[in-house]
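To keep things clear, I will list the structure first and then write my remarks on it.
Side chains included, hydrogens not; waters and symmetry mates left out as well; all remaining heavy atoms used.
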Amino acid sequence: MASRYNPQEIEGKWQERWAADDLYRVRDDDPRPKYYALTMYPYTSGDLHIGHWYAMAPADVHARFMRMRGYNVLHPMGFDAFGLPAENAAIKRGIHPHTWTMQNIENMRRQLKTMGPCYDWSREVNTCDPDYYRWTEWFFLKLYEAGLAYRAKAPVNWCSTCQTVLANEQVVGGLCERCESPVVRRDLEQWFFRITKYADELMEHHGLDWPERIKTMQRNWVGKSQGAELSFGLEHPDVEEKEIRVFTTRPDTAFGVTFMVLAPEHPLVEKLTVPSQRAEVEAYVEQARHQTEIERLSVETEKTGVFIGAHCLNHLNGEKVPIYIADYVLLGYGTGAVMGVPAHNTRDFAFARKYGIPIPVVIAPPGWSGEELEEAWTEPGTMVNSGEFNGLPNEEGKDAVAEYASRKGIGGKAVSYRLRDWLISRQRYWGAPIPMIYCPACGIVPVPEKDLPVLLPADAEFRPTGESPLKYHEAFVNTTCPKCGAPARRETDTMDTFMCSSWYYFRFASPRHQDGPWDPKALAHWLPVDLYTGGAEHAVMHLFYSRFFTKALRDMGLIDFGEPFIKLFNQGVIIAERQKMSKSRGNVITPDEYVSDVGADVVRAFLMFVGPWDQGGEWNDKGLSGFSRWLNRVWNLADAEYREVEPDAANTRDLRHMTHRTIKKATEDIERFHFNTMLAALMEFSNYLGKAQEAGRAEASAYREAIDSLLLLLAPTTPHLAEELWSRLGHPYSVHNQPWPQYDPELAREEEVTLVIQVNGKLRDRVSVSASIPEAEARELALSRERVQAHLQGKTVAQVIFVPGRLVNVVAR
RNA sequence: GCCGAGGUGGCGGAAUUGGCAGACGCGAGGGACUUAAAAUCCCUUGGACCUAAAGUCCAUGCGGGUUCGAGCCCCGCCCUCGGCACCA
């Protein structure tokens, strides 16, 4: 052998050459059809880990494949740079979030480059760059102008010891992760985006090539339910409100309401609670403030509640209904009030039993004769004890009662959504400032566009026990009202980082554009994204927000499309120590060591081989050596001299068949992101080539065709190895500018197949036949086989099933 | 708890979507080469019965069902992973 495969030697060399030649620079005016292949950009956590490579390497392979197929592929990369961990690092280690973030970007960019990706680095974006977040702020103003931003009270996790707002992640078992004191819910005025306005449209995915499971999750996230809103009367002289409104999917059961439940945080609770119940109610409210929503909604835990001593009126039957509070009712969902129908709802049944509330039947089960129920009846039945609706099938009753309520002015048909508006306020420093000013005279005043960006002050102090550092920064907070010029205060909350990631894919079209978030020409050229790949964990957050954002921009006339991502593919999760890899879980494994050990190409190929890309898997470096061995064999194969030894047509044809069959398989697999089986096919091919090379029975031209094809098929997966061998074979630079090989269907076709012969569904024999064997012939062949005959002893053939090119099943009794 | 996905040899996985279960790779065992090791190459490798060959039976988380035929479809369980609105 003339040389050895040495990844350390060739990988750096080619990376430098590609960079020097701008091989992956993408131009807007390129005449080839455009293809925007986007991979979710990473959060700047500090280290790129194997999970990132699992997301990015196969995506890079697909992008390279599309390049070879003749597309002008935009495959950009950037950094999601704002967020909580930077601020935590600042508090913990006294390093400024900006410094921390920029160091991390430096490191991660270096790590990304070792992967050998085809990113166009000239388009890199960074969301904490003022050139970027100035437009994040601008979009806030646009959403505000469009009436999609509003302020409302919303609860936050509050640690009274640290005097700070905690993220859900920072609350561990109801305690602050830092000081372990109990966390309470506290209401703050915060900014929301009216995502619910788009609820119906967000449930639809017309024209999108998305995985069914993600579409399902998004639809369930919106959680649209049809039903009715009903009003229950309040007659309390000191209380302004005259009704409690509830949403129900079961208006047909409204005559069976025997209690009303309010969320503990419901504003009416304070007003309605009678003195004798006050102590108990307050204790319960306090307790509920310490629970998470998941705890409150769990069906496992027993439902508890407290009677507040007040009643409301069921207008349908004129009965007085006691009012309770219970933690399973959430203020943010529906109207924050729920009617209790114990006879026909499992949860209400248990609640009524516990508190001795009557359980009148209003939907009679078939054959019911007036006895008490042992459990809630939630199936269809006939309406009883329901006034004029008696005798009606309950399914019809749903509409009938709703229409009746509408006529009487006590409700009507209604639709409810599980989806809540998007809360974007964060009481933190490291985020894009919300560009709003509070003026004592003019109220809420947006920062004029010409004054953007509202810059984060560099000299903020990160007090370990403070609120948002911006709140204490006098120079930041104090400003003048843009309207009246009087002294005013700035908003000190910053934006949710999902706001930054809702538009970064627009920015990649023209990342250095100064006069707007994008250059309209570039945007029109590149958007929408043709292929978006990333983790399925983003199904209902980032992907959902981005769709909302795009639709909102469309309605403002800023863009002319309503969906950002045409095709979506979600890779699975790489598991380490039984969990998703992430810095906060402390189980990250970085690729650096592996890269310096066995080379990036080996790691890329190995990650693609661990299983179907959408399934993820457990990280285990055991199999890496197999890929070093394989790539070494490929190296030797391409490097070896081929000597013909009495070549003949049959062997030549066989070799060409293998070549074209492999091209076909690899092409189909890579199109479907079935990288693992593509690599299995390439391994089989190279194993075959090893034998063919040794035998020398095929013509040299066929062998050369095979080796060239192998390198071209490998080019996306192992870009450095393919480039090196391509050049060693004397081909022109670069392999990455070559067209993807085409297969000849005639050569790829299988001529012979193994016909499986079964008796009563059990395999009894197999025989090699022409792939196009006709049914009569296959049937005759099967019945004539000795092994088949042996199993037919004493039986008569009832039926013979023939699957063309596959099997014959003899059914005998 | 709710929503979504998954469970196949010692391990990762394959199976053209109802038609040969275990491709390909790892690991393991045996052998060749070598003074030896590494590297490389060759053979074997789901289980049981059988001296072997041949063959038969069992086997895709568990229990049922549909079908000529089920890893794949249906019903009921169990377990694992992701998300659940302030990690991103």
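- Nucleotide B/C68 holds its C1' atom 16 Å from the NE2 atom of A/H791, rounded to whole Å.
- Looking at heavy-atom distances under 4.0 Å, A/V610 makes contact with sugar-phosphate atoms alone, never a base.
- Taking the nucleotide of RNA chain B with the nearest heavy atom to each of A/K691 and A/G616, the more 5' of the two is matched to A/G616.
- Here A/W422 lies out of heavy-atom contact (under 4.0 Å) with every strand.
- Between B/C72 and B/A15, the distance separating the two C1' atoms is 10 Å to the nearest Å.
- A distance of about 30 Å separates the C1' atoms of B/C41 and B/A21, rounded to the whole Å.
- Looking at A/R585, its side chain has no donor and acceptor atom pair within 3.5 Å of the base of B/C87.
- At a threshold of 4.0 angstrom between heavy atoms, the contacts of A/P42 with the nucleic acid are absent.
- Put simply, the side chain of A/Q758 and the base of B/G19 share a donor and an acceptor less than 3.5 Å apart.
- In this structure, A/F673 and A/W613 have tilted ring planes: the angle between them lies in the 30° to 60° band.
- For the P atoms, the distance linking B/G63 with B/C79 amounts to 16 Å, nearest Å.
- Residues A/R219 and A/E212 are paired through a salt bridge, judged by an N-O separation under 4.0 Å between the basic side chain and the carboxylate.
- Between A/R151 and A/E491 there is a salt bridge, since a side-chain N of the basic residue sits under 4.0 Å from a carboxylate O of the acidic one.
- Using atom C1' as the reference point in both B/C75 and B/U67, the two lie 16 Å apart (nearest Å).
- Taking atom P in both B/U60 and B/C11, one finds a spacing of 15 Å when rounded to whole Å.
- Residue A/I574 contributes atom CD1, which lies 9 Å from atom P of B/G13 at whole-angstrom precision.
- A/I214 comes within 4.0 angstrom of no nucleic acid atom, judged by non-hydrogen atoms across all strands.
- Within the 4.0 Å cut-off from OP1 or OP2 of B/G55, at least one side-chain nitrogen or oxygen of A/R787 is found.
- Residue A/R672 is the one, among A/L624 and A/R672, whose nearest nucleotide of RNA chain B lies closer to the 5' end (criterion: closest heavy atom).
- Residue A/K762 places none of its side-chain N or O atoms closer than 4.0 Å to OP1 or OP2 of B/A70.
- Side-chain proximity of A/S625 to B/G27, B/G83, B/C87: nearest is B/G27.
- Residue A/S425 is in base contact, counting any heavy-atom pair closer than 4.0 Å across all strands shown.
- Within the 4.0 angstrom heavy-atom criterion, only backbone atoms of the sugar-phosphate kind lie near A/L84; the bases stay farther away.
- With A/Y132 as reference, A/W503 is the one residue of A/F79, A/Y504, A/W503 to meet the ring pair (Phe, Tyr, Trp, His ring centres under 6.0 Å) rule.
- Judged by Watson-Crick or G-U wobble contacts below 3.5 Å, the nucleotide B/C62 has B/G76 as its partner.
- The one candidate from A/F498, A/F192, A/Y545, A/Y198 that meets the ring pair (Phe, Tyr, Trp, His ring centres under 6.0 Å) condition with A/W422 is A/Y545.
- Taking 3.5 Å as the limit, the base of B/C68 and the side chain of A/N809 contain a donor-acceptor pair of atoms between them.
- For B/A39, the OP1/OP2 oxygens have no side-chain nitrogen or oxygen of A/R633 closer than 4.0 Å.
- Counting to the nearest Å, the C1' atom of B/G7 and the CD1 atom of A/I575 are 14 Å from each other.
- A straight line from CG of A/L631 to C1' of B/C24 spans 14 Å, rounded to a whole angstrom.
- Atom P of B/U40 sits at a distance of 10 Å from the matching atom of B/C26, rounded to the whole Å.
- Annotation: B/A59 and B/A48 have their C1' atoms spaced 11 Å apart (nearest Å).
- Within 4.0 Å (heavy atoms only), A/F498 reaches at least one base atom of the nucleic acid.
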>> What verdict does the ring-ring contact (aromatic ring centres under 6.0 Å, His included) test give for A/W630 and A/Y5, after you've listed the backbone C-alpha separation in whole Å, the side-chain angles of each residue and the deciding distance to 0.1 Å?
In response: CA-CA 11 Å; A/W630 178 51; A/Y5 171 45; over 10 Å; no

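- Nucleic acid contact class of A/T216 (heavy atoms, under 4.0 Å, all strands): sugar-phosphate only.
- If you take CZ of A/R418 and C1' of B/C2, they are 8 Å apart, rounded to a whole angstrom.
- Here A/H538 lies in heavy-atom contact (under 4.0 Å) with a base.
- The interatomic distance linking A/Q615 (CD) with B/U80 (P) rounds to 18 Å, in whole Å.
- Between A/R4 and B/U40, a side-chain N or O to OP1/OP2 separation shorter than 4.0 Å is absent.
- Using a 4.0 Å cut-off between a side-chain N of Lys or Arg and a carboxylate O of Asp or Glu, A/E694 and A/K691 do not qualify as a salt bridge.
- B/G82: Watson-Crick or G-U partner is B/C3, with both key distances under 3.5 Å.
- Contacts of A/V156 with the nucleic acid, taken as non-hydrogen atoms under 4.0 Å apart, include base atoms.
- Among the protein residues, A/V540 comes within range of the sugar-phosphate backbone only, with heavy atoms under 4.0 Å from sugar or phosphate atoms but none that close to a base.
- In this entry B/U17 has no Watson-Crick or G-U wobble partner, no candidate having both defining distances under 3.5 Å.
- We find that CG of A/L755 is positioned 15 Å from C1' of B/G69, with the value rounded to whole Å.
- A/L807 comes within contact range of at least one nucleobase, with a heavy-atom separation under 4.0 Å.
- In this model, a side-chain donor or acceptor of A/Q190 finds a partner on the base of B/C86 within 3.5 Å.
- In this structure, B/U60 shows a glycosidic angle more than 90 degrees from zero, which is the anti conformation.
- Within the nucleic acid shown, A/H52 has no heavy atom closer than 4.0 Å to any nucleic acid atom.
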> Going through the checks in order, is the ring-ring contact (aromatic ring centres under 6.0 Å, His included) test met by A/F606 and A/Y594?
Replying inline: CA-CA 11 Å; A/F606 175 67; A/Y594 296 111; 8.5 Å; no

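- Here A/R766 does not reach the OP1 or OP2 of B/C20: none of its side-chain N or O atoms lies under 4.0 Å away.
- Distances shorter than 4.0 Å separate none of the side-chain N or O atoms of A/S628 from OP1 or OP2 on B/A39.
- Distances shorter than 4.0 Å separate none of the side-chain N or O atoms of A/H674 from OP1 or OP2 on B/A14.
- Close to B/G69, at under 4.0 Å from its OP1 or OP2, lies no side-chain N or O of A/R764.
- Put simply, the side chain of A/S425 gets close to the backbone of A/W191: a donor and an acceptor are under 3.5 Å apart.
- The interatomic distance linking A/H542 (NE2) with B/A85 (P) rounds to 18 Å, in whole Å.
- Taking side-chain N and O atoms only, A/N636 has no distance below 4.0 Å to OP1 or OP2 of B/U40.
- Proximity of A/N676 to the phosphate of B/A14: a side-chain N or O atom is located under 4.0 Å from OP1 or OP2.
- Syn is the conformation of B/G9, whose glycosidic angle sits no further than 90° from 0.
- Note on ring orientation: taking the six-membered ring where Trp is involved, the planes of A/F565 and A/Y505 are perpendicular (angle over 60°, cut-offs 30° and 60°).
- Pairing for B/A28 goes to B/U44, judged as Watson-Crick or G-U wobble with the two contacts each under 3.5 Å.
- Among the heavy atoms of the strands lying under 4.0 Å from A/N687 are primed sugar atoms or P, OP1, OP2 only; no base atom is included.
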